[in-house]
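These notes are about the structure you will find just below.
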Amino acid sequence: MGHKYAAEPFKIKSVEPIHMTTREEREAAIERAGYNTFLLKSKECYIDLLTDSGTNAMSDNQWAGLMIGDEAYSGSVNFYALEKAVRELYGFKYVVPTHQGRGAENILSRIAIKKGDYVPGNMYFTTTRTHQEMNGGIFEDVIINEAHDPQAEHPFKGNIDLKKLQALIDRVGADKIPYVCLAVTVNLAGGQPVAMQNMREVRALTNKYGIKIMFDATRCIENAFFIKEREEGYQNKTIPEIVKEMFSYGDGATMSGKKDCLVNIGGFLALNDEKMYQKATQIVVVFEGMPSYGGMAGRDMEAMARGMYESVDYYYIKHRVEQVRYLGEQLDKAGVPIVKPVGGHAVFLDARRFLPHIPQDQFPAQMLAAKLYVHSGVRSMERGIVSAGRDAATGEHHYPKLELVRLTIPRRVYTYAHMDVVADAVISLYQKRDSIPGLEMVYEPPVLRFFTARFKPLPLK
Ligand SMILES: *Cc1c(COP(=O)(O)O)cnc(C)c1O
């Protein structure tokens with residue numbers, strides 16, 4: 001009664017000290033990192049909200065699982081534990097472990113996409129689209145328009161626009177569309193969920209044309225929580241029931257275990273079709289390893305299987321999503337422009353409105369992330385024009401509507417007190433926003449440039 005938030009549904013058994021730095025140290029560090037927070041050392045960061053990928057805190061039960069790692073080259077008991085978890089919780093028949101999510105994307109893109117094919121998706125994800133394009137595919141965004149508007153309040157901003165999908169089918173023909181990539185939740189839209197109703201409708205439409213649905217399942221548990229919270233008819237369903245129903249509308253999934261499986265490394269490709277599975281086993285041995293370990297050690301498969309069961313616990317996922325929302329609400333109350341509604345894994349600052357004086361080709365979100373770091377030691381990341389990269393055909397920048405800085409909350413790692421520190425840092429920086437200049441890019445790698453690009457500040461106009 002009267003609490004502002006639900007307390008952590010866990011006790012702390014082991015702690016990791018965090019590092020305090022001075023402003024001078026941070027100024028030197030960001031200079032050395034080329035104004036790219038990806039290139040900072042973790043020891044240079046106070047609260048590290050770069051990503052929720054692989055930054056999860058494992059439970060005592062998962063750590064115990066590491067000790068029963070069966071490191072056989074083939075047929076490890078831990079593979080069967082993982083297979084059982086995927087079948088019981090997600091309902092897919094076959095599983096191919098991979099070193100992380102993009103390993104699964106590589107295999108799926110190679111077995112399913114032919115040159116000139118179109119792959120519709122509810123907004124792109126960086127590595128997902130890169131694998132599609134490297135295999136000759138053309139990504140087509142079919143998310144609802146609201147997803148591109150940071151201020152549009154829609155309970156399921158990750159939904160697919162059925163008219164856009166139908167228009168693509170009419171334009172290029174169903175035989176040019178190997179599958180729809182359906183992400184739950186949508187990372188680059190701000191961790192926005194997809195409604196069950198929408199998944200059902202996409203299934204009905206694709207069934208008419210024999211088009212498959214491949215989930216990007218990375219944040220499926222967060223998506224399930226939003227369905228329970230917001231969608232009519234699901235309040236009394238359990239998280240496992242909702243997850244099972246979601247995946248009943250798909251033919252397979254790529255999974256980054258580093259997110260909703262509560263581990264530090266790992267992933268898998270899940271499939272229902274036996275022929276596709278057979279092809280996947282032919283490819284996985286080239287890029288990852290034997291089909292029964294893929295890119296993973298036995299112990300890591302055990303930790304992932306155990307994490308999957310823990311992740312569907314209602315109190316775990318409720319705390320997870322509500323902690324993220326708590327940070328978002330603090331910023332919103334102070335007038336800081338953020339993407340609304342707050343999504344499942346992160347709070348996204350709207351850099352267009354935070355720094356309206358910086359044009360998009362001077363990388364406002366990149367600079368905002370760099371300045372937040374210097375100001376407070378809080379590490380975040382750019383999700384805007386740098387992340388969007390260049391058009392494969394014209395070589396021009398993609399100019400995404402969303403120019404965001406992502407404050408990503410690792411699972412089970414930080415407390416509400418840390419969220420207060422982050423909120424105070426962002427709010428005090430917002431009060432000094434006029435003093436922040438733009439950037440120019442001085443080094444640009446050819447693909448996935450946001451990881452390693454380097455920048456220099458421009459003079460303040
Ligand atoms: C992280 C992520 C991936 C890629 O997974 P990795 O484990 O980082 O290779 C794919 N899709 C989404 C939505 C992600 O967030």
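Starting from 1, each residue takes its place in the sequence as its number. Quick note: numbers below take in every heavy atom, side chains included, and nothing from hydrogens, waters or symmetry partners. Just so you know, ligand 1 is whichever comes first in the structure, and atom 1 is the first atom listed for that ligand.
Residues Pro97 and Tyr293 are not in side-chain contact: their nearest non-hydrogen atoms beyond the backbone lie 4.5 Å or more apart.
Residues Gln197 and Arg200 have side chains that bring a donor and an acceptor to within less than 3.5 angstrom of each other.
A salt bridge is defined here as a Lys NZ or Arg NE, NH1 or NH2 lying under 4.0 Å from an Asp or Glu carboxylate O, and Glu403 with Arg352 fails to meet this definition. A salt bridge does not link Asp149 with Lys401: every distance from a Lys NZ or Arg NE/NH1/NH2 to an Asp or Glu carboxylate oxygen is 4.0 Å or more. Salt bridge annotation for Arg129-Glu133: present, with a cationic side-chain nitrogen under 4.0 angstrom from a carboxylate oxygen.
Near ligand 1, residues Gln100, Gly101, Arg102, Glu105, Phe125, Thr127, Thr128, Asn187, Asp216, Thr218, Arg219, Ser256, Lys258, Lys259 each place a heavy atom inside the 4.0 Å sphere around the ligand atoms.
Both the sub-6.0 Å distance and the 45° axial angle are satisfied by Arg383 relative to the ring of Phe450.
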